[in-house]
Amino acid sequence: MSGGFGKSKKEPSKMRIRALPLNTDEKFISDTWNLLKNAIQEIQKKNNSGLSFEELYRNAYNMVLFKHGQKLYDNAKVVVEEHLETRVRVIVLKSLNNNFLETLNSAWNDHQTSMVMIRDILMYMDRVFVGQVKLLSVYDMGLIAFRDLVVQHGPVREHLTATLLNAVARERHGEIFDRGAVKTACQMLMSLSGHSANPRDVYEEEFERPFLHETAEFYQMESQNLLAENSASVYIRKVEARVKEERERAAHYLDPSTEVPVAQVLERELITAHMQTIVEMENSGVVFMLKNERIDDLSCMFKLLDRVSDGLQVMVGCTSKHLRELGSGLVKDDESEGSAGKNAITYIQSLLDLREQYGRFLSDAFQSSKVFARAIGSVSGCQGSVRVGGGSG
């Protein structure tokens, strides 16, 4: 039934349960359990090649049949927990300062393998007894034990969180590390989750929450440095790169479910917290881009601010203010000229030029956004110009 057990050259096509002896007293039950206990311990030591699955299954079946299912379940739980406490946890603790993640991952993989074989031996108990009394399945019982006795054991727990966070921090600074080991550890935390109302409880508690907290702190500092050292257009592109990096990190070796919350942290720390500063940055912000017709830069800023609440409104406000100033300038120039006929022609031409320019901004940079179309059109109308048309974006 399960790989890893010893097999005879000629396997029976159907398992046969042998008749029980008439004597099913405590000694018989004790002997039966001791046989199963020794087999479980051999599995945990990876010495399972000589075991007979059929014989072990039959003995577990007998214990359940004669109303000793609870004893079998409780005793198996004790054996699993003792192995984790006295052997596995000790090995993991010794590795805290040397190959910790690799050691923990190896212990986790071994435990999963052994629990599959133990589950197969106790399959009848799982099917008949466990469901009736509403206990955890044998496999899930083993996972909970690994969670409680190994992963969430004080020093292991602290070191695991610190190791995972340190790995991410190193990569953010350009260092190379074993992504596979981090991925396996994150998968382990997800596998150990889900035994409560929250299907991600262990992963969130042991890694994601502290990870998001450290991510926020990192990008708070990073945003200040980037703003101090770069123009608005460079800042925008570096933010885009960081968002892409974090999304890829979540997809490649964290749990993919982390992709959305980490993106939200970056949007809050790199965009929302500084969007007014970015838009109004002197000699590189929106006004500078409009004056110098930096279509690509305007488009990048539009896409970036469109990610966050009220982002486009900040950009629209700055654009509208600049457009009003241009309109006022045209009126003043018109009033200061001597010839009324000539002034009217110049004024209308200037308005047409302005309309054409902002129409190009609207289509090429602002994705024909209705928000921008309304703002540009209303400002143009106040100055008496032909309104700028808006698209459906």
Side-chain angles (χ1 to χ4, degrees), residues 172-174 215-247 263-330 332-333 350 353-380 383 388 390-391 393:
R172 283 176 178 156
H173 288 97
T215 298
E217 290 187 339
F218 175 82
Y219 284 111
Q220 284 170 10
M221 183 68 69
E222 170 109 329
S223 65
Q224 297 292 340
N225 294 335
L226 290 177
L227 285 170
E229 298 170 0
N230 298 284
S231 66
S233 60
V234 174
Y235 179 85
I236 290 166
R237 284 170 171 78
K238 290 196 173 184
V239 169
E240 288 176 336
R242 280 303 201 183
V243 172
K244 182 180 178 183
E245 287 172 13
E246 293 295 339
R247 283 187 174 278
Q264 291 171 340
V265 169
L266 265 70
E267 288 165 0
R268 183 180 70 242
E269 301 301 335
L270 295 177
I271 305 173
T272 302
H274 304 290
M275 57 188 178
Q276 199 77 41
T277 301
I278 301 166
V279 166
E280 297 177 354
M281 197 174 286
E282 190 175 358
N283 296 324
S284 68
V286 167
V287 172
F288 173 85
M289 294 175 185
L290 292 169
K291 285 181 177 179
N292 294 276
E293 299 193 17
R294 299 287 187 87
I295 300 292
D296 288 344
D297 291 343
L298 286 167
S299 178
C300 288
M301 183 176 287
F302 177 91
K303 292 174 184 175
L304 190 75
L305 295 180
D306 193 30
R307 298 173 65 101
V308 300
S309 178
D310 297 327
L312 290 185
Q313 292 299 330
V314 173
M315 192 176 182
V316 166
C318 186
T319 303
S320 298
K321 180 182 177 183
H322 177 62
L323 186 52
R324 282 194 297 270
E325 291 172 353
L326 289 177
S328 297
L330 291 177
K332 289 178 182 178
D333 290 344
S350 297
D353 291 343
L354 186 63
R355 176 182 181 243
E356 181 183 356
Q357 182 186 40
Y358 274 77
R360 189 164 61 254
F361 290 150
L362 185 62
S363 62
D364 296 348
F366 304 146
Q367 300 182 3
S368 298
S369 165
K370 289 182 179 179
V371 177
F372 274 85
R374 284 193 297 269
I376 294 171
S378 64
V379 173
S380 319
Q383 302 301 333
V388 179

task = Measure the shortest side-chain to side-chain distance between M281 and L227 over non-hydrogen atoms and say whether it is less than 4.5 angstrom.
result = yes
ask   = Are any non-hydrogen side-chain atoms of V314 and E280 less than 4.5 angstrom apart?
value = no
request  = Take H274 and Q224, measure what side chain to side chain contact (heavy atoms under 4.5 Å, CB included) needs, and give me the verdict at the end.
outcome  = CA-CA 9 Å; H274 304 290; Q224 297 292 340; 3.5 Å; yes
inquiry  = Rounded to the nearest 0.5 Å, what separates atom CG in L266 from atom NZ in K244?
reply    = 14.5 Å
Heavy-atom pair with the smallest gap, counting every atom of S231 and S284 = CB-CB, 3.7 Å
ask   = Do side-chain atoms of Y235 reach the backbone of S223 as a donor and acceptor pair under 3.5 angstrom?
value = no
message = Measuring from atom CE of M275 to atom CG of L312, what distance do you get when rounded to the nearest 0.5 angstrom?
response = 10.0 Å
Distance, nearest 0.5 Å, that separates CD1 of I271 from CD1 of I278 = 7.0 Å
task = Show your working on side chain to side chain contact (heavy atoms under 4.5 Å, CB included) between E325 and V287 and close with a plain yes or no.
result = CA-CA 11 Å; E325 291 172 353; V287 172; over 6 Å; no
Considering only distance and modelled atom types, tabulate donor-acceptor pairs under 3.5 Å from the side chains of residues 293-301, sequence neighbours left out.
| from | atom 1 | to | atom 2 | distance (Å) |
| --- | --- | --- | --- | --- |
| E293 | OE1 | R360 | NH2 | 2.9 |
| E293 | OE2 | Q357 | NE2 | 3.2 |
| E293 | OE2 | R360 | NH2 | 3.4 |
| R294 | NH1 | D297 | OD2 | 3.4 |
| D297 | OD1 | R237 | NH1 | 2.9 |
| D297 | OD1 | R237 | NH2 | 3.2 |

query = With F372, which residues qualify under ring-ring contact (aromatic ring centres under 6.0 Å, His included), at least two apart?
reply = F302, F366
ask   = So with a 6.0 Å cut-off around CD of E229, is the heavy-atom count from everything else above 12?
value = yes
key: Rounded distance (nearest 0.5 Å) linking atom OG1 of T319 with atom CZ of R324   = 10.5 Å
message = What verdict does the side chain to side chain contact (heavy atoms under 4.5 Å, CB included) test give for H322 and V286, after you've listed the backbone C-alpha separation in whole Å, the side-chain angles of each residue and the deciding distance to 0.1 Å?
response = CA-CA 9 Å; H322 177 62; V286 167; over 6 Å; no
key: Nearest heavy-atom neighbours spanning S368 and S363   = OG-CA, 3.8 Å
task = Heavy atoms only: give me the nearest K303-R307 pair and the separation to one decimal.
result = O-CG, 3.4 Å
query = Is a side-chain donor-acceptor pair under 3.5 Å present for R172 with T215?
reply = yes
request  = Report the distance from atom CD of E269 to atom CE of M221, rounding to the nearest 0.5 Å.
outcome  = 12.0 Å
ask   = From E267 CD over to S309 OG, what is the distance, rounded to the nearest 0.5 angstrom?
value = 11.0 Å
query = Taking C-beta and beyond as the side chain, do F361 and M289 meet within less than 4.5 Å on heavy atoms?
reply = no
key: From CA spacing to verdict: side chain to side chain contact (heavy atoms under 4.5 Å, CB included), Y358, L326   = CA-CA 12 Å; Y358 274 77; L326 289 177; 3.6 Å; yes
